[in-house]
Amino acid sequence: MTTTGLRERKKADTRAALAAAVLRLSSERGFDHVTVEDVTRAADVSYRTFFNHFASKEEALLQPEGAGRPGLAERLAEQDPALHLLDAVRAALRTELERFEADAGTWRARFAVFAATPALLPRLVELSASDERSIAGAVAARTGTDVDADLYPALVAAVLTAATRVAVMRWHRMPDTPLAAVVDEALDALAAGLPTP
């Protein structure tokens, strides 16, 4: 049991070191000027080891913790069914926001690389669309609607995804503002029906 735990921790440490190397080198040189060989040298691991953890340098930047990490859809499914949908969303987002805030410098650096690398846009859109589908499924389950037949789940998921994306990018430019405050502002605007300022 202890050996398995140690092995998993070492794997997690190696994965984190590779992801950190991709981010650091991308911040210094630009993502397009970083190779997997550069990353493995910086992390002091073999080329093969990189591909034991990531399928590509894009994955190392975009999904440093792996595709299996619970997201908003899973967090939403865990919330008290008695909560109003928007309150459940806020509660589900809290865990995600805490993760961002706990490592704000790294996430800000990652967003700066995203903004400076147009070639990453298709993959970002693909990941966002996948998340949106999962969120729509969670909304449908929570509201008793049909994710395929009803407009509501997909519309809510699309609006939440857009609001969160806008809030996170705004936070990226506001170093002294807590992310939770920016997200709350976005959700408050949605709850109010986006009144004209």
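Predicted, not measured: the structure shown is a model, and the values here were computed from it.
Across H53 and L18, no two heavy atoms sit closer than the pair CD2-CD1, 4.0 Å.
Contact check for L97 versus W171: no side-chain heavy atoms found under the 4.5 Å cut-off. The side-chain heavy atoms of L187 and L93, taken from C-beta on, include a pair separated by under 4.5 Å. Residues L23 and T106 are in side-chain contact: their nearest non-hydrogen atoms beyond the backbone lie under 4.5 Å apart. You'll find the side chain of K11 stays beyond 4.5 Å of the side chain of T14, heavy atoms only. Residues D188 and R90 form a side-chain contact, since some pair of their non-hydrogen atoms from C-beta on lies under 4.5 Å apart.
In this structure, the side chain of T40 engages the main chain of E37 through a donor-acceptor pair within 3.5 Å. Although no hydrogens or angles enter the test, the distance criterion places a donor-acceptor pair under 3.5 Å between the side chain of R110 and the main chain of L61. Under a 3.5 Å cut-off, the side chain of S128 and the backbone N or O of L124 do not form any donor-acceptor pair. A distance-only check finds a donor-acceptor pair linking the side chain of D80 to the backbone of A82 [under 3.5 Å].
Taking a 6.0 Å sphere around CG of D44, one finds it holds 12 or fewer heavy atoms contributed by other residues, nucleotides or ligands. Atom CZ of R170 is surrounded by 12 or fewer heavy atoms from other residues, nucleotides or ligands within 6.0 Å.
A donor-acceptor contact under 3.5 angstrom links the side chains of T35 and D38, judged on distance only.
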